[in-house]
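Reviewing the structure listed below.
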Amino acid sequence: MSPERVPARRRAGAQLGLVGSAVLLLIIISGARAENLDAGKSGARLFADSCATCHRSARGLAKGRFRLTLYLFLQKHYTSSDDAASALSTYLQSVDAPAAAPARRPAARRRDYRGETRPPRPPLPVRGR
């Protein structure tokens, strides 16, 4: 090998290494940004996408817990962001609230005839005729 070719190869290797390092540095700096797939979804939609596979209904899952404790539990164990935990806990609280009782007619008051004369009864039917 001639001495003139060796420096050219070293220069090419150094340039290739420099370009490779620059590309690697660019990849590290920019990084693969994770996308939050739950961003902007309502609580009902989050429940349908994430929870409905195991839980048939959202009713009763909050079990009367405070919204804060439910939020902290969901944030720690099940959701990917604070916003998703907040939306889901609000939804579960709203579904867990007892439904308004249907309007009932007031029960007819029965008179107590103790101590008073009883009202007349209709006559019994006559048998045999």
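Being a predicted model, the structure only gives us computed values, none of them experimental. Every heavy atom of this structure was used, including side-chain atoms; hydrogens, water molecules and symmetry mates were not.
Although no hydrogens or angles enter the test, the distance criterion places a donor-acceptor pair under 3.5 Å between the side chain of Asp96 and the main chain of Gly64. The main-chain N or O of Ser86 is found under 3.5 Å from a side-chain atom of Thr90 such that the two form a donor-acceptor pair. Of the possible polar contacts, none joining the Thr79 side chain to the Ala84 backbone as a donor-acceptor pair under 3.5 Å is found.
Counting non-hydrogen atoms of neighbouring residues, nucleotides and ligands closer than 6.0 angstrom, the CZ atom of Arg67 exceeds 12 such neighbours.
The other residues sharing a hydrophobic cluster with Leu68 are Tyr71, Leu72, where clustering joins ILVMFWY side chains under 4.5 Å apart. Through direct or relayed side-chain contacts under 4.5 Å between Ile, Leu, Val, Met, Phe, Trp and Tyr, Phe66 connects to no other residue.
Smallest separation of non-hydrogen atoms from Ala62 and Leu70: CB-CD2, 4.0 Å. Lys63 approaches Gly60 most closely through the heavy-atom pair CG-O, 2.9 Å.
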Between side-chain atoms of residues 47-54 and protein atoms elsewhere (two or more places apart, or another chain), which donor-acceptor pairs fall under 3.5 Å?
residue	atom	partner	partner atom	Å
Asp49	OD2	Lys41	NZ	2.8
Ser50	OG	Leu46	O	3.4

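A distance of 9.0 Å separates CG in Leu61 from CG in Leu88, rounded to the nearest 0.5 Å.
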